[in-house]
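Encoded as structure tokens, the structure appears first; notes follow it.
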Protein chains: 2
Amino acid sequence: MNNFTFHNPVKVHFGKGKVEKISKEVKDYKKILLVYGTSSIKDFGIYNQVIELLEGKEVYELSGIRPNAKVDKVYEGIELCKENDIDFVLAVGGGSVIDSAKAIALAAKTNHDFWDYFFLKGNKPSELIDLGTVLTVSCNGSELDATCVITNPKTKQKRYYNDPTLFPKFSVIDPTYSFTVPKTQIISQSIDVISHILEEYFSKPTYTTTTDYLSEALLKSVIKNVEISLADSKNYQARANLSWAGSLAVSGLISLGKEGDWTSHKIEDALSAHFDIPHGLGLSAIHPNYLKYIYKDHIEKFKHFALEVFQVNPVAKSDEEIALEGIERLQDFFEELGAPIRLRDLKVDEESLEKISKDIELNQASYSKLESYDIFQILKSSY
Amino acid sequence: MNNFTFHNPVKVHFGKGKVEKISKEVKDYKKILLVYGTSSIKDFGIYNQVIELLEGKEVYELSGIRPNAKVDKVYEGIELCKENDIDFVLAVGGGSVIDSAKAIALAAKTNHDFWDYFFLKGNKPSELIDLGTVLTVSCNGSELDATCVITNPKTKQKRYYNDPTLFPKFSVIDPTYSFTVPKTQIISQSIDVISHILEEYFSKPTYTTTTDYLSEALLKSVIKNVEISLADSKNYQARANLSWAGSLAVSGLISLGKEGDWTSHKIEDALSAHFDIPHGLGLSAIHPNYLKYIYKDHIEKFKHFALEVFQVNPVAKSDEEIALEGIERLQDFFEELGAPIRLRDLKVDEESLEKISKDIELNQASYSKLESYDIFQILKSSY
């Protein structure tokens, strides 16, 4: 267990109808910039509800945020803040909406170009606008972290900025808002959550029982509740438990004392840069095959995973067989959800795998020591 | 899963040597009141280390805080703050030191009697002094919560005050500081942590998988690591994982979406008011017997507990047998630690049990519906 610092000051209002809390949360602010994406929040009544709750405030709007938050909308939001002397930014949406709102809040009190902050480490403004979020679609955890990821389509740059000043003051998580999310999105999102947890769980150092047991707890809750949520899209309890497990998985809790691996994410990011693959589905094809490639270096840990997370029956099996069966059960689970477990099913071109394997910057702290050759083998076995 | 609000803004610096962080944490403050207990922090070198790290600050001291934080030391601390225009209170110690420091920070900027705040709900000062903690002995979670408990020996009142303004700005948790804590204290403390978790775990409502699985994770980590810590008092990894599990158990995380039961704590509090019993040891005698009294109302949950937390072998056993075996394993575990599992071993007078059972205010939201008669039966079965 390594030393760590943990700090997550976001106030979470969780549950059906909890959006009502925003009135009290914004009571000391006067001019609010409401940031949202498409018209779906209007279709589902969330927009009207929020507008009612902001009664008495001067509300300005920035809509039309698209997936993969882009620089142009951030510039537009910063301009709106400056022109109207905005003192609070309220994001209502998923990851790209919250990330855009964070970038706006970051730079709206300075005359610097916001994009510069994304390039120099330690470069930060002296004053930010306060920020709150209402999560409508489970995302990359932006509602509970201090990071935003913004894309500049012209320069083809996707950069992230992280600083404690970016934590939202509050986040509202109402699981009923996700009842209408398409199944494929729930599947992709849940696999991403599982993959996030595994990147920390299967990483150095060895003795991290408290954090690892918490990871197993979240894995089991996601696995149980995503199945129920897919079968019964309006099952509130399953959705609520899935949603809370997903948020906690990215709150920082499960990385405490760990080094993190992130090899599967690095491979998937490189693939996504070449092919148009939903992140979670790429991970579905990569992550179990990556684990199959390295598990023999860490039999004890993989055996523990198999027994705890998938209740593999150990009778008459060697430790190595138990360990492998755990990974196979994970892969089977992704397949049962309806996710592709082979890159060939994602229209990835087999010829490009060797080149992609060479593009990947290896993580020196990864769980097993790997070379480009190994990455190529992992990609081939995932094809 | 009930709706909830979760907010824990304490910045935790965890690990060996992390006390060095206090220099940076107090850089914007000038006059610091250092609050501590007995001379033990001097014996173990912590005092000198802290004084060195506060170089350049005007440091005032309030020492001699005893177990069960008393009003007199709080008044003394408030006076010191006012006389010297203190702008930061730093607690170095366990629960009573941190609780005293909180009460001082609470009232040092007002002319109200601090004790009044403990009697009127919603009664709070407009300004507090900022507060940080360096934990030396695992305690009741005061390093991670917004509560303080103070005792007035003259009026025999023990009251608690809770308000979000009381969260420490930071808490340093260095597991090596607890290497010298006597075994009996580690045992009592660990049973208290387990009991805290069980009070939430075995409570309404039914469908709370995410929170319950996290509770199981913490229970398993405490059980594993307390045994190693008792056998090998300088095993850093075991102590660190035990310590972090203990802090998380009181951080609020495992009560999210739950109603909480707290019947065992109510019974133990009533016993402690009559007999001089260490809290954790009283719980060791009460909690398993309480669970044995109610488990038939909740067979599924108790079966899950038995299988997950104690890996009870289910072969050829009924659900009821599996459920009961889980509780027996818990009781055996307390006994193996060396804790008394009978009230008779705690010098409790059997004649007084009926009277005590009538003194206990029943919790209407408890997991099973109970009457005074039931409490008497639980006390008798614990004798």
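Sequence lines set the chain letters: A, B, ... in the order given, protein chains first and strands last, and positions in each chain run from 1.
- Of the listed residues (A/L242, A/T208, A/L307, A/D212), the greatest number of heavy-atom pairs within a distance under 4.5 Å of chain B belongs to A/T208.
- Of the listed residues A/S215, A/A238, A/G257, the one with more heavy-atom pairs under 4.5 angstrom with chain B than any other is A/A238.
- Other residues, nucleotides and ligands place no more than 12 heavy atoms under 6.0 Å from the NZ atom of A/K21.
- Open room surrounds NZ on B/K169; 12 or fewer heavy atoms of other groups in view lie less than 6.0 Å from it.
- Side-chain contact check for B/E308 versus A/E308: some heavy-atom pair is nearer than 4.5 Å.
- With a 4.5 Å cut-off on non-hydrogen atoms, A/K220 touches chain B through its backbone and its side chain both.
- With a 4.5 angstrom heavy-atom cutoff, B/Y236 touches chain A only via side-chain atoms.
- Aromatic ring pairs are classed by plane angle as parallel below 30°, tilted from 30° to 60° and perpendicular above 60°; the pair B/F6 and A/W244 is perpendicular.
- With respect to chain A, the highest number of heavy-atom pairs below 4.5 Å among B/V12, B/L218, B/N2 belongs to B/V12.
- For a residue to count as touching a neighbouring chain, one of its non-hydrogen atoms must lie under 4.5 Å from one of that chain's; by this rule A/L256 touches chain B with the side chain only.
- Using a 4.5 Å heavy-atom threshold, the side chains of B/H13 and A/H7 count as separate.
- Considering only heavy-atom pairs separated by less than 4.5 Å from chain A, the leading option among B/F170, B/Y213, B/F4 is B/F4.
- By the neighbour-count criterion of 12 heavy atoms within 6.0 Å, atom NZ of A/K224 is sparsely surrounded, having that number or fewer from other residues, nucleotides or ligands.
- Residue A/Y207 is tested with B/N241, B/N225, B/N235 for a side chain to side chain donor-acceptor pair (under 3.5 Å); the sole match is B/N225.
- For B/L248, the part lying near chain A is the side chain, with the backbone staying farther off; criterion is any non-hydrogen pair under 4.5 Å.
- Residues B/N3 and A/G15 come closest through the heavy atom pair OD1-CA, 3.0 Å.
- Within a 6.0 Å radius of NZ in B/K204, more than 12 heavy atoms belonging to other residues, nucleotides or ligands are found.
- Interface residue B/N8: only backbone heavy atoms are found under 4.5 Å from chain A.
- Nearest heavy-atom pair, B/M1 versus A/Q237, reported as atom, atom and distance to 0.1 Å: N-OE1, 2.7 Å.
- Proximity to chain B (any heavy atom under 4.5 Å) is restricted, for A/L253, to the side chain, taken from C-beta onward.
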